Amino acid sequence: DEKIKIGVSYPTPTHAWAAGMNWHAEQAEKRLEKLYPDVDLILVNSPDPGAQASALEDLVSVHQIDALVVLPFESEPLTDPVLNVKKSGAWITVVDRGLSQPGIEDLYVAGNNPELGRVSAQYMKGRLKDGDNIVVLRGIPTVIDNERFDAFMAEIEGSGINVLDHKHANWNRDDGFEVMQDFLSRFPDIDAVWAQDDDIAIGVVAALKQAGRDGNGMFVVGGAGMKEIIKGIMDGDELIPVDVLYPPAMIATAMDATVNAFKSNGPVAGRYILGATLITRENAESYYFPDSPF
Amino acid sequence: MSMDVSASVAIIEAVNISKSFGPVPVLFSVSMDVRPGEVHALIGENGAGKSTLMKILSGFHDPTSGQIRLDGKQTPLPPNGAAEQLGIVLIHQELNLAEQMTVEENVFLGREIRTNGFLDRAAMRAEVQKYLDEIGLDILPTDRISKLTIAQKQMVEIVKAVSRKARILIMDEPTAVLTEEETEVFFRQVRKLKESGVGIVFVSHKLNEVKAIADRVTILRDGQWIDTRPSRDLTPDTMAQMMVGRELSDLYPPMHEADVDAQKVLEVRNLTAPGVDNVSFDLRKGEILGFSGLVGSGRTAVFEAICGLSPMESGEVLLFGKDVSNMSVAEARDAGLAYLTKDRKEKGLLLDKRMRPNLTLFALPKFVRNLTIDRNAEEDALKRAIRRFDVRSRDADITVGKLSGGNQQKLLLAKVMECDPKIVIIDEPTRGIDVGTKQQIYHFIAALAAEGVSVVVISSEMPEIIGTCHRVVVMREGHITGILTGDHINENEIMRYAAGLKREELH
Amino acid sequence: MTMSTTSDDGEGKTAKRQSIDFKTLGPAIALLILCIIGFLLNPAFISEGNLTNLLTRSAFIGIIAVGATFVITAGGIDLSVGSMAAAIAGVMIIVMNNAVETLGTGVPTVLLGCGIAVLLGIGAGWINGALTTKGKIEAFIVTLGTMGIYRSLVTYFADGGTLSLNFDIRGTYRPVYYDSFLGLPFPVWVFIGVAICGWLLLNRTAFGRYCTAIGSNEAVAKYSAINVDRVKTLTYIIQGLCVSFATIIYVPRLGSASASTGVLWELEAIAAVIIGGTVLKGGYGRIGGTILGALILTTIGNILNFTDMISNYLNGTMQGLIIIVAVLLQRSDWKLGKN
Amino acid sequence: MTMSTTSDDGEGKTAKRQSIDFKTLGPAIALLILCIIGFLLNPAFISEGNLTNLLTRSAFIGIIAVGATFVITAGGIDLSVGSMAAAIAGVMIIVMNNAVETLGTGVPTVLLGCGIAVLLGIGAGWINGALTTKGKIEAFIVTLGTMGIYRSLVTYFADGGTLSLNFDIRGTYRPVYYDSFLGLPFPVWVFIGVAICGWLLLNRTAFGRYCTAIGSNEAVAKYSAINVDRVKTLTYIIQGLCVSFATIIYVPRLGSASASTGVLWELEAIAAVIIGGTVLKGGYGRIGGTILGALILTTIGNILNFTDMISNYLNGTMQGLIIIVAVLLQRSDWKLGKN
Ligand SMILES: Nc1ncnc2c1ncn2[C@@H]1O[C@H](COP(=O)(O)OP(=O)(O)OP(=O)(O)O)[C@@H](O)[C@H]1O
Ligand SMILES: Nc1ncnc2c1ncn2[C@@H]1O[C@H](COP(=O)(O)OP(=O)(O)OP(=O)(O)O)[C@@H](O)[C@H]1O
Ligand SMILES: [Mg+2]
Ligand SMILES: [Mg+2]
């Protein structure tokens, strides 16, 4: 058959943000396949970089794809495998994590990690004063985490706000809870928490409530745009008053654009960088997807 | 002392039992019965099928054909020792204890005393202690099996069996690892049980014991029933003859005088090691040196230290004049010194492997050509060993664990001899071996010595020591109490040194 | 100061041997040293709040490890516990959320959830046990397989994301994690209860002896007319039940379950068991040691959160080193049973 | 049709028994069935490209699993292989990147990297072996500890991110993964080489016999003049060496190493070994089976990429089920063997 085959490859969702992305990808698949009967989207997810490289090989050798939309597990290890797909003649769209070699992809769609750190820090600076103390809970040690963290620290620098310590909470609620419990035992005076991610933030909030330290203007800044958090912001939650967007729906954007590369006569190739919008009570409504798992 | 049992009805009867393992037949229509209050001995060569018959009688194996009658009624026995509920208890030939558990736990395994669902450990300990006291065994109910000597383990097995209130008690070579005193203690228990009407089946290669304790004797040969007779009609010699099917000449070979000026091949000076206290002795070329003593007197410990199996604490060992203190087992082997363990199941053989890898394991470097193992050489060695040591297995491909006990012992001997040692230490050489083969082994030892190999025989069987050795070292509590030669080698003398009644000034 | 050296369960009159029993005391000493280090790093370590947190956290791994002690003592292994916990938590949440309409958001719904958890734990344990005994597949493979299955099931139920408990039920259920009784949080009480029951079962009942016997020598156990398959299956069922209990106190903590719930708990549980002195090949189990092992593991994590002297990245290195050293300490006079 | 039931060392001529030995053929049959399923799902499964991919992918796990066969046969276990691979890859990359200035970006640098990898593998294996034998710590704990240590070291070296190989060296090194010789990619040749060496070593040399003997009964091995500690340590060193080889062909594939490199490889390797028929308690090892086990695992993953009939989330479920069924298949005639 003469269908246009588009492979979509991303990491196996093991946390809510990725699940949200998976949801948006599936929604987009249904929508696009209905809209264009001659387009077949093939969604594959992989549990680690090696498996993703294998999946890319399979997309080429078995499915003979015409285009690839890929959210690389990690940039470095997947650069060569994507390059190999490119060599088969397929159109390449890279999502979120850029490859380590320029010029492979035709299209790049991404969130903005440093921006996420920077926006979070700016909000902190706006709410806190000289001499206030914060703690930072980081994600899984990865480039993404480093980019967010470095930008955050650079922005905080010189503001007089003390970062007491930072530990990895692995974008995980349980770890967020336990690390925060220990921070609370260790530091008697904490004024705010940068949790970087909404899952961690949920754990942090549970620890704060348990220790009874959720009052006195204490607040937590997470990130990514989980629906429960956004709902909370809409309802005026004081503990998590804002969120910084890192939209899982970017995969859908990428799929749309890739299909357009075959269907539209407008130019598609290029770079699309999505902003790290600060979600507040005022704009929360427009980022709320109650049906998404995220 | 044997009461008249011919009149009473059998408790258990095996009728025309045949058994094959796969295509290999092992028993051919064998019948035997056990009456209340009798001791029925079962004798036969290694591999005759005694253990197999015992396992069938107690439900551990199913017969291929034939039936088991209990109190005159045909009864299929439940498997895996559940026949205990019917009053049938078996002591396996191979020790059957959980090593990491305590004496008490083992004795009561599977039938613990409980109150309100919880173990009544005090009651169980008291019970075990009672039995231990009764047979004079100096261990605690809380001792772990792994710390006991083989003989102690065997006694625990006996306690376990005796404590089970059996109607039929089947014992497969319970005395193989016991000394005469222990055997005496054990026989006292047996007589007591007998008086209370228990039927006892007893397998042994020690024909004197059979004569002493049995009321009737059944003889098996190559899986065939030969005869069942009252023991008063038999002598050890006639028994041996019926087992082997031919007349046996002298058990012990004529003793060749050792050359007292021969080169000293092994000199041990002031050896101290775990369980060994300041031991010194020499061994000459072509000499057969006996090591006697009570169980736990440290004979094994001496040679384990010499051969690198346990660490030496002090002293020195000269092998062919060279100081070799604290060498490894491999170095000992390469220097021509080999030790044959008395514990064939735990330390001697890989029970889940076949004969070939077992035979060559100790001397494996000898079979390496071009970095790989020469399998043809291995096969040849196996053929030779089977001939030389008369290892009988009806199916050459079975794992060693399935060989009969005596044949395992022969294979173990073959394994150690495979490295052509110049000095060989044989710990309990004839444990579980039938008379015919015993004779072969004694002749074999004598022949080795005649060829110039030095042999150390560690044995708890006094006649064996007396019948084969040129000199005898007697040990007690880790040290040497005497070294006997010539006419001094007799039972009385050895016993007095072993019991500590007499002590020689050695230097 | 004299102590017995028997590798005994610490009873028996062994007065004849006078020395320090590292095998038994090893884990306790290791824990003590860790606590001292913790205190030196930061005196807040021994604050009541921190100690309570520590105990409560240990409860999850500790309860699971008590079950693992049985499985390992009987010569088995269960790698599926972490995923099993996640799957049970997931199903529990789904059931409770769906029960809101009929049963409301009160205690009945929570009890229903707990009941389901217990049933699932028993069922999952039985599956592992039956596949190992009846199917004669190595426990390692069976439970590696079920580990993958449960993990992917919870991912499937959660659609890759997080299953969250209805907020109103959470209100009812919360106290099970957060409230205390006589100064100790409920999870700690559950832990104590499970530990005592486990100890009694292993050391004071025939069943416990059968586990040890099977782990020590299966043939001997079989020949003692012990139903080996049933006892082994029961150890897996106990393990499943322990996972249920752990899950029941885990769910009210954050009210959610996801694909990352319980990841690596199996290794932590097994590590706790072995640090506690139980022998991996079976035949010798120590519940008391297991409890200490669980506390040691939790304390290591806690201490590493208490200092910024060590690069975050090296947490794993510290953890690994401490575990090895803790075990080295108690093995120093290990030789015992061997020859 | 009668079937043989020996659980024996699989050598010896068993010609007289005419039968299907499921224990030996089980993995082969399982693989065949998988291939048929793959073909039915999508005929492209048997395309040359796909088969080559499959073999190449199996090489990593397969090579590591060959090492694991030795460790397991001798009664040990090594959980650290995945992290060890990551750490070796990390150090290799750092060394090669730094060598660019002095050695250039050509073959010498790559050879230096490979040399370092081999040394590190041997060293890491030696550490595991020495801690197990001299330190008398259970292998499970030792390697769980080193697993954490190596994993966190690579995170540390990479500063939480990814270590990537200099692009020019990559050009030189790439062929090692991507090029072919006689139609087979280089990694497959390495795999074949390692498999043959492993098979010879285990089945045809004294060393292999010693491994089996130790796994079967350590005391017997000791009394048979085998230097038990040395042989056991050597098995860990062989394992380390195999990890080195796997890493040497892995690095040119993705040109990088990070904290997520090699995660769960240890479980995959052990699974391959056991699916192949080696007994986890030791004493019986089969290199041929291990190879088939590795192929089976890779094929499962490959087939699951072939179809979107099954929810992606259920991949783990399928994988678990297939592994259990594959082993069940080969264990199906075990009953006959017992007594
Ligand atoms: N499970 C088994 N499978 C195959 N053959 C077996 C098995 N058990 C025993 N045999 C064989 O049956 C024969 C009889 O063995 P058995 O153990 O009954 O001899 P035995 O009379 O007790 O000898 P011993 O005096 O040496 O103990 C031997 O040839 C042995 O190899
Ligand atoms: N490695 C060791 N460490 C501590 N004690 C030991 C060691 N080896 C042996 N012993 C002790 O030394 C004593 C002598 O034991 P050994 O086995 O040498 O005696 P034996 O005379 O050979 O007795 P048997 O007749 O049982 O073979 C025993 O009490 C034993 O427990
Ligand atoms: Mg589609
Ligand atoms: Mg016998």
Side-chain angles (χ1 to χ4, degrees), chain C residues 75 77 79-80 83 131 135-142 144-160 222 259 267-268 270-271 274-275 278-282 311-328 330-335 338-339, chain D residues 75 77 79-80 83 131 135-142 144-160 218-219 222-223 259 267-268 270-271 274-275 279-281 311-328 330-332 334-335 338-339:
Chain C
I77 194 158
L79 298 176
S80 71
S83 322
L131 281 170
K136 304 209 184 299
I137 314 178
E138 305 239 16
F140 192 95
I141 286 289
V142 168
L144 189 65
T146 50
M147 161 174 151
I149 294 175
Y150 299 145
R151 175 73 54 212
S152 94
L153 283 180
V154 72
T155 321
Y156 180 70
F157 294 146
D159 221 351
K222 190 173 137 193
L267 289 186
E268 277 191 57
I270 297 170
I274 295 174
I275 291 175
T278 296
V279 176
L280 187 63
K281 303 237 169 202
S311 159
N312 276 329
Y313 299 138
L314 290 178
N315 274 4
T317 304
M318 293 312 298
Q319 235 154 350
L321 284 178
I322 295 174
I323 291 175
I324 291 177
V325 170
V327 179
L328 203 55
Q330 62 179 298
R331 294 298 190 267
S332 48
D333 74 339
W334 214 157
K335 277 148 258 177
K338 316 258 151 175
N339 92 312
Chain D
I77 194 157
L79 297 175
S80 70
S83 323
L131 281 169
K136 303 206 186 301
I137 314 179
E138 305 240 14
F140 192 94
I141 285 289
V142 168
L144 189 66
T146 50
M147 162 173 150
I149 294 174
Y150 298 146
R151 175 76 53 212
S152 94
L153 283 180
V154 73
T155 321
Y156 180 71
F157 293 146
D159 222 352
E218 219 173 293
K222 180 179 153 194
Y223 277 76
L267 290 185
E268 275 191 59
I270 297 170
I274 294 174
I275 291 175
V279 175
L280 187 63
K281 302 236 171 208
S311 159
N312 271 326
Y313 294 138
L314 291 179
N315 275 5
T317 305
M318 294 312 298
Q319 235 154 350
L321 284 177
I322 295 174
I323 292 175
I324 290 178
V325 170
V327 179
L328 203 55
Q330 60 179 298
R331 298 294 193 269
S332 55
W334 270 41
K335 275 150 264 179
K338 312 259 151 171
N339 107 40

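Worth knowing before you read on, the calculation uses all heavy atoms, side chains too, and leaves out hydrogens, waters and symmetry mates. So you know, we letter chains A, B, ... as the sequences are listed, proteins then strands, and number each from 1. Predicted model only: the values in this text are computed from it and were never measured.
For C:M147, the part lying near chain D is the side chain, with the backbone staying farther off; criterion is any non-hydrogen pair under 4.5 Å. Using a 4.5 Å cut-off between heavy atoms, D:A219 does not touch chain C at all. Residue D:I322: no heavy atom, backbone or side chain, is found under 4.5 Å from chain C. Only the side chain of C:L144 comes within contact range of chain D, judged by heavy atoms closer than 4.5 Å.
If you take CD1 on D:I275 and CD1 on D:I323, they are separated by 4.5 Å, rounding to the nearest 0.5 Å. Atom CD1 of C:I149 and atom CE of D:M318 lie 9.5 Å apart (nearest 0.5 Å). With values rounded to the nearest 0.5 angstrom, D:T146 atom OG1 is found 11.5 Å from D:R151 atom CZ.
In plain terms, the two heavy atoms of C:E138 and D:I274 that are nearest each other are CG-CG2, 3.9 Å.
Contacts with chain C were tallied for D:D159, D:L267, D:L321, D:L153; D:D159 has the most, counting heavy-atom pairs under 4.5 Å. Counting heavy-atom pairs under 4.5 Å between each of D:G75, D:G148, D:A139 and chain C puts D:G148 at the top. Ranked by heavy-atom pairs under 4.5 Å with chain D, the list C:S83, C:G320, C:S152 is led by C:S152.
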Please evaluate residues D:I270 and C:I141 with respect to the criterion side-chain contact (heavy atoms from CB on, under 4.5 Å), reporting the C-alpha separation (whole Å), side-chain torsions for both, the decisive distance (0.1 Å), and the verdict.
CA-CA 9 Å; D:I270 297 170; C:I141 286 289; over 6 Å; no
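Between D:T155 and D:Y150 there is no side-chain heavy-atom pair separated by less than 4.5 Å.
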